[in-house]
Undergrad: 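After the structure tokens below, expect a handful of questions from me.
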Amino acid sequence: MQLIGMLDSPYVRRVAISLKLLGLPFEHRPVSVFRHFDQFRQVNPLVKAPTLVCDDGEVLMDSTLILDYLEALAPAGRRLMPSEGASRRQTLQLLGIALTACDKTVQAVYERQQRPPEKLHQPWLDRIQLQLDAAYAELERAIQRARPWLLGGRLTQADVSVAVAWRFTQYYIADLIPPDRYPLLSAWSARAESLPEFTATPLD
Ligand SMILES: N[C@@H](CCC(=O)N[C@@H](CS)C(=O)NCC(=O)O)C(=O)O
């Protein structure tokens with residue numbers, strides 16, 4: 001299996017960390033959707049990161065769909081998605097918030113990096129900032145209940161994705177979302193980022 005994409009993408013990073021936690025061997029190919037556009041197109045003409053090339057050559061994309069596929073390959077005891085009930089619903093709810101935080105951060109980064117500075121549209125950035133604050137305020141409340149992980153004693157996909165989202169936002173747009181506004185999330189994220197699967201998968 002090959003995972004294609006850079007670790008500064010939160011979607012690539014959540015898949016890479018999950019592969020390690022699930023105990024599934026893979027090769028990581030750090031191909032950039034911007035700097036290596038033509039090389040990326042040869043693997044996936046849609047140029048979306050992450051792209052997963054399966055052992056039989058089938059190409060998957062979209063981190064959530066890739067993770068859905070990978071979960072089924074992993075031994076039951078290592079899976080990151082609770083299979084049913086309230087804990088599954090709560091995991092899905094937190095994932096929705098974390099992925100929206102990733103999406104809005106990507107939009108802010110693209111607004112700043114992909115447009116000429118004179119074409120930056122400040123009202124759009126202001127709107128993104130409001131949406132990001134709403135997402136992280138909800139996650140700050142969820143962290144209050146973490147014991148020590150979001151669903152209790154065992155790490156789930158909610159923990160992976162919330163931690164990855166926070167690190168990504170802090171790396172690129174801490175000026176919009178300063179860490180001292182979300183102190184519990186900052187401290188909790190440091191704990192997640194110190195796990196071996198996270199330190200072996202650095203964003204930068
Ligand atoms: N919903 C997708 C989002 C993936 C995504 O937008 N990835 C970015 C990199 S962070 C990308 O491929 N950007 C290139 C483009 O959209 O043209 C997922 O979860 O994988």
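Just so it is clear, the structure is predicted and the values come from calculations on it, not from any experiment. Order of appearance sets the numbers: ligands from 1, and atoms from 1 within every ligand.
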Undergrad: Assess, by modelled atom type and distance only, whether the side chains of Ser189 and Glu193 contain a donor and an acceptor separated by less than 3.5 Å.
TA: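 The criterion, which ignores hydrogens and geometry beyond distance, is not satisfied for Glu193 and Ser189.
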Undergrad: Quick check: are there more than 12 heavy atoms from other residues, nucleotides or ligands sitting under 6.0 Å from CZ of Arg191?
TA: no
Undergrad: Heavy-atom count around Gln122 CD within 6.0 Å, excluding the residue itself: above 12?
TA: yes
Undergrad: With a 6.0 Å cut-off (strictly less than), is the heavy-atom count around CZ of Arg181, excluding the residue itself, greater than 12?
TA: yes
Undergrad: So if I apply the ring pair (Phe, Tyr, Trp, His ring centres under 6.0 Å) rule between Tyr136 and each of Phe168, Trp188, Trp166, which one comes out positive?
TA: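 Considering Phe168, Trp188, Trp166, a ring pair (Phe, Tyr, Trp, His ring centres under 6.0 Å) with Tyr136 is found only for Trp166.
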Undergrad: Which protein N or O atoms sit under 3.5 Å from any N or O of ligand 1? Give each pair with its distance.
TA:
from     : atom 1 : to     : atom 2 : distance (Å)
ligand 1 : 1 (N)  : Asp62  : OD2    : 3.1
ligand 1 : 6 (O)  : Lys48  : NZ     : 2.8
ligand 1 : 7 (N)  : Ala49  : O      : 2.8
ligand 1 : 12 (O) : Ala49  : N      : 2.9
ligand 1 : 13 (N) : Tyr110 : OH     : 3.0
ligand 1 : 16 (O) : Lys48  : NZ     : 2.7
ligand 1 : 19 (O) : Ser63  : N      : 3.3
ligand 1 : 19 (O) : Ser63  : OG     : 2.6
ligand 1 : 20 (O) : Ser63  : N      : 2.8

Undergrad: If I compare all heavy atoms of Arg154 with all of Asp159, which pair ends up nearest, and what's the gap?
TA: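 So the minimum-distance heavy-atom pair works out to O-OD2, 4.0 Å.
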